[in-house]
**Q** 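Got a structure for you, written out below as structure tokens; questions coming shortly.
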Protein chains: 2
Amino acid sequence: MTRAEENYLKALYHLSDHNDAMVSTTELADRLETKPSSATDMLQKLHEKSLVAYTKYKGAKLSSEGRKKASQIVRKHRLWEVFLVDKLNFGWEEVHEIAEQLEHIKSPELVERLDEFLGCPTTDPHGDPIPDQKGHVVTISKSLLADQPVESSTILMGIKDSDADFLTYLSQKGIKLGSCITVLEKEPFDQSMTIEIDGQTLFISKTLSTNIYVQTL
Amino acid sequence: MTRAEENYLKALYHLSDHNDAMVSTTELADRLETKPSSATDMLQKLHEKSLVAYTKYKGAKLSSEGRKKASQIVRKHRLWEVFLVDKLNFGWEEVHEIAEQLEHIKSPELVERLDEFLGCPTTDPHGDPIPDQKGHVVTISKSLLADQPVESSTILMGIKDSDADFLTYLSQKGIKLGSCITVLEKEPFDQSMTIEIDGQTLFISKTLSTNIYVQTL
DNA sequence: ATAAATTTTTAGACTAGACTAAAAATAGTT
DNA sequence: AACTATTTTTAGTCTAGTCTAAAAATTTAT
Ligand SMILES: [Mn+2]
Ligand SMILES: [Mn+2]
Ligand SMILES: [Mn+2]
Ligand SMILES: [Mn+2]
């Protein structure tokens, strides 16, 4: 499998959002910052290889074999992210780009040894679950901070959009995985919130609260 | 820089053997398991980029810029080998293939953090020196075991041909970096030797003794 | 110094992956 | 239902990197 093939499989994995929904060529092309015609080419190739179920004009989804391959890439990506943050002290906003390369290293043995070295983590630095060798993920029920009622106490479990600027902003405010968040106020007209996070009071926009996953205590 | 370009630069680095000797296209092609015509193509390209000094029919050698790039790849290769052996407990015969991939990961920050994480090692698991950020290597004077006189006591400092089968064989015999070797006997007709290594007596062929670097005590 | 053998380069073809432009299919609108 | 707008596919082109076969240069041998 080439790097390009792997990137397409991974994109399909993320876009189908676990409910093996059909993905259109434009969605796929947008995600990979390429053109729909290129996506069509690749989908036809991956269909030939039985990694993708693709029907002209109707979109594509991963085959079970394709999903397994994709989950292995995601597994590697997230394990390397843990390595970079836990062992090399990178910030969570710096690791995605590097993991994007490391995920393509081919060595099953390496993955398992890395996993063990890291203490078999179940989530990556952004709160996303790490698939096991078989591609299974333990899904932790989490809800959006935006949907929490006033007075509720929660713990920050994940970031929806792991954009580097967004992650940097969160770090600056001292917002990180495991932070305790209590909703103090919610403005009905623009859904902005006043929250207490690890003791300090913060005012946050709707954009922010819809990109943060929390777990109710 | 593409992966292929990097592999060509690295091959030139190793073949020119520090004395910036001219390297022929066939040598280069053999090393990279490709054809001379492919090597010619790439040399012309790298010459265009001023990374290689190449003159038709006369061979090629690295420019100072090219040598610097090459040394950075070698640096990465060897640092990753240290990581794999020291942190992930791989055997020294297993790491070359994986490092061959890892050496192409692009992130200067990663290299420096990895270096620090590993305690800034100066040699890799096969006894080869790790170039610093500027491409400088600390050359430790070592000689071939084959050239040692009878009765001399030495320490194993490196392996010349890091072929996986050879490394596995050495491990099986308990031969590793740092082992104390005393030459007990030398047969004049075929240069085979009887040695004492870490207490045990071993009979070794010329092939073996010409692939082991030692330092005299 | 010529001729033969070897090495090196060129020319032409191939694949993976991407792109543009045009054609075909689908979806949306009157 | 027919027309329009959008999406998707096809056709053709491009680059990187490889290969084979042929041509050119160099080296070796006579
Ligand atoms: Mn990737
Ligand atoms: Mn992540
Ligand atoms: Mn390599
Ligand atoms: Mn090595």
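Here the structure is a predicted model, which is why all the values come from computation and not from measurement. The sequence lines fix the lettering, A, B, ..., with proteins before strands; numbering per chain opens at 1.
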**Q** Please state how far atom NZ in Lys56(B) lies from atom P in dA25(D), giving the value in whole angstrom units.
**A** 8 Å

**Q** Considering the options Leu170(A), Ile204(A), Ile195(A), Thr154(A), which one meets the side-chain contact (heavy atoms from CB on, under 4.5 Å) requirement together with Ile212(A)?
**A** Leu170(A)

**Q** Which whole-number value in Å describes the distance from Leu28(B) CG to dT7(C) C1'?
**A** 14 Å

**Q** Between atom CG in Asn7(B) and atom C1' in dT18(D), what is the gap in whole Å?
**A** 14 Å

**Q** If you draw the axis of the six-membered ring of Phe117(A), does the NZ or CZ of Lys87(A) fall within 45° of it and under 6.0 Å from the ring centre?
**A** yes

**Q** According to the interplanar angle, ranging from 0 to 90°, do the rings of His47(A) and Tyr54(A) count as parallel (below 30°), tilted (30 to 60°) or perpendicular (above 60°)?
**A** perpendicular

**Q** List in numerical order all residues of residues 30-43 of chain B for which some heavy atom is under 4.0 Å away from an atom belonging to DNA chain D.
**A** Thr34(B), Lys35(B), Ser37(B), Ser38(B), Asp41(B), Met42(B)

**Q** Could you state the CD-C1' distance from Glu48(A) to dA16(C), rounded to the nearest angstrom?
**A** 15 Å

**Q** Rounding to an integer number of Å, can you tell me how far Tyr54(B) OH sits from dT10(C) C1'?
**A** 10 Å

**Q** Without decimals, in angstroms, what is the distance between Arg3(A) CZ and dA18(C) C1'?
**A** 16 Å

**Q** Whole angstrom is fine here: how far is it from CD in Gln44(A) over to P in dA18(C)?
**A** 14 Å

**Q** Within a 6.0 Å radius of atom CD on Glu65(A), are there more than 12 heavy atoms belonging to other residues, nucleotides or ligands?
**A** yes

**Q** Take atom NZ of Lys142(B) as the centre, draw a 6.0 Å sphere, and report whether it contains more than 12 heavy atoms from other residues, nucleotides or ligands.
**A** yes

**Q** Is there a side-chain contact between Pro125(B) and Glu81(B) in this structure, where contact means two heavy atoms from C-beta onward sitting under 4.5 Å apart?
**A** yes

**Q** Report yes if a side-chain nitrogen or oxygen of Tyr57(A) is closer than 4.0 Å to either non-bridging phosphate oxygen (OP1 or OP2) of dT10(D); otherwise report no.
**A** no

